[in-house]
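Scroll down for the structure; my scribbles are underneath it.
The first residue in the sequence is number 1, and the count goes up from there. Just follow the structure's listing: the first ligand is 1, and inside any ligand the first atom is 1.
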Amino acid sequence: MLQPLNDLQITKAGDLGDVKPLLAARGLPTNDIRDDDTFFVARAGSVICGVAGLEALGHVGLLRSVAVDPAWQRRGVAQALVAAIADRARAHGMRQLFLLTTDADRYFSRLGFATVDREALPAEVRDTAQFRETCPQTAIAMSRNL
Ligand SMILES: CC(C)(COP(=O)(O)OP(=O)(O)OC[C@H]1O[C@@H](n2cnc3c(N)ncnc32)[C@H](O)[C@@H]1OP(=O)(O)O)[C@@H](O)C(=O)NCCC(=O)NCCS
């Protein structure tokens, strides 16, 4: 990892206009974002360098849309965003975080997520647009207790 960013600030996104351009630039879907999803943005000074979202599903949450600007990668930005999402989910009574990924499973296993059989996912997760429509059937499901 490069030098961590000292002035990194993680805050709740004010508006999806802060989030969607980076998701689109990193090839992640934006059409299935719900109005009540919570997004966090990472700012280095005035620059938005990363985003991550939480879809609240009762006692569990879906971590989604983790994206970092290529110019700011390998500085712990995604790790800080995932930590903020986990704190938020815990504070809202969620006990487990799930995610779906096509190619970042090795990254998320470094953050404590373990692969889960897709068939073993809770109904709330299987009912999300991301599971039903957006992510390919080959996407890997992962979870982490909070
Ligand atoms: C995956 C991603 C969010 C990581 O962001 P980041 O801020 O660079 O991550 P961190 O700084 O916390 O961690 C960097 C480390 O993870 C590793 N890493 C990054 N992407 C990885 C991947 N897909 N698989 C395995 N390791 C990965 C880096 O090599 C680096 O390793 P090092 O510390 O040994 O140098 C970013 O690369 C990205 O936006 N990718 C495109 C979108 C995406 O795939 N999102 C995840 C699915 S929702």
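Other residues, nucleotides and ligands contribute only 12 or fewer heavy atoms inside 6.0 Å of the CZ atom of R106.
When all heavy atoms are compared, the tightest approach of S65 to F39 is CB-CE2, 3.7 Å. Scanning all heavy atoms of the two residues, the minimum distance from A44 to C49 falls at N-SG, 4.0 Å. The two atoms that bring T134 and P29 nearest to each other are CG2-CG, 3.1 Å, heavy atoms only. The shortest non-hydrogen separation linking F131 to R126 is CD2-O, 3.2 Å.
The shortest N or O to N or O distance between W72 and ligand 1 is not under 3.5 Å. On a distance-only criterion, L28 and ligand 1 share no N/O pair closer than 3.5 Å. Looking at Y107 next to ligand 1, an N or O pair under 3.5 Å apart turns up. At least one N or O atom of Q79 sits closer than 3.5 Å to an N or O atom of ligand 1. Polar contact check, G76 against ligand 1: a nitrogen or oxygen pair lies under 3.5 Å apart. Distances between N or O atoms of F108 and those of ligand 1 include no value under 3.5 Å.
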Which atom pairs, one a donor and one an acceptor, fall under 3.5 Å between side chains of residues 75-99 and the rest of the protein, sequence neighbours left out?
{"residue": "D87", "atom": "OD1", "partner": "R90", "partner atom": "NH1", "Å": "2.9"}
{"residue": "H92", "atom": "ND1", "partner": "R88", "partner atom": "O", "Å": "3.0"}
{"residue": "Q96", "atom": "NE2", "partner": "S143", "partner atom": "OG", "Å": "3.4"}

If you look only at distance, which donor and acceptor atoms sit under 3.5 Å apart when one is on a side chain in residues 12-27 and the other is two or more places apart or in another chain?
{"residue": "D15", "atom": "OD1", "partner": "G17", "partner atom": "N", "Å": "2.5"}
{"residue": "D18", "atom": "OD2", "partner": "R43", "partner atom": "NH2", "Å": "3.4"}
{"residue": "R26", "atom": "NH1", "partner": "V68", "partner atom": "O", "Å": "2.8"}
{"residue": "R26", "atom": "NH1", "partner": "Q73", "partner atom": "OE1", "Å": "2.5"}

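Here the protein heavy atom with the shortest distance to atom 46 (C) of ligand 1 is V66 O, 3.5 Å. Here the heavy atom of the protein found nearest to atom 39 (O) of ligand 1 is V68 N, 2.8 Å. Scanning the protein heavy atoms around atom 47 (C) of ligand 1, the nearest turns out to be T101 OG1, 3.9 Å. The protein non-hydrogen atom at the shortest distance from atom 44 (O) of ligand 1 is D103 OD1, 4.0 Å. Scanning the protein for heavy atoms near atom 8 (O) of ligand 1, the closest one is R74 N, 2.8 Å. R110 NH1, 3.5 Å is the protein heavy atom nearest to atom 34 (O) of ligand 1. If you check which protein heavy atom lies closest to atom 7 (O) of ligand 1, you get A78 N, 2.9 Å. Of all protein heavy atoms, the one lying nearest to atom 37 (O) of ligand 1 is Q73 OE1, 2.8 Å.
Short contacts between ligand 1 and R75, defined as distances under 4.0 Å to a heavy atom of the residue, involve ligand atoms 11 (O). Counting the atoms of ligand 1 from 1 in the order shown, those under 4.0 Å from a heavy atom of A104 are 23 (N), 46 (C). Counting the atoms of ligand 1 from 1 in the order shown, those under 4.0 Å from a heavy atom of V77 are 7 (O), 11 (O).
No path of Ile, Leu, Val, Met, Phe, Trp and Tyr side chains, each step under 4.5 Å between heavy atoms, connects L28 with F108, placing them in separate hydrophobic clusters. The same ILVMFWY cluster, assembled from side-chain heavy atoms under 4.5 Å apart, contains both M142 and L63. Both V66 and I140 sit in one connected hydrophobic cluster of ILVMFWY residues. Membership requires side-chain heavy atoms under 4.5 Å apart, directly or through other members.
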For the pair R64 and T128, evaluate side chain to side chain contact (heavy atoms under 4.5 Å, CB included) and give the outcome as yes or no after the intermediate values.
-> CA-CA 11 Å; R64 55 163 301 158; T128 58; over 6 Å; no
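Residue contact check for ligand 1: A67 places a non-hydrogen atom closer than 4.0 Å to it. Under the 4.0 angstrom criterion for non-hydrogen atoms, R64 is not in contact with ligand 1.
With R34 contributing its side chain and E55 its backbone, the two residues share no donor-acceptor pair below 3.5 Å.
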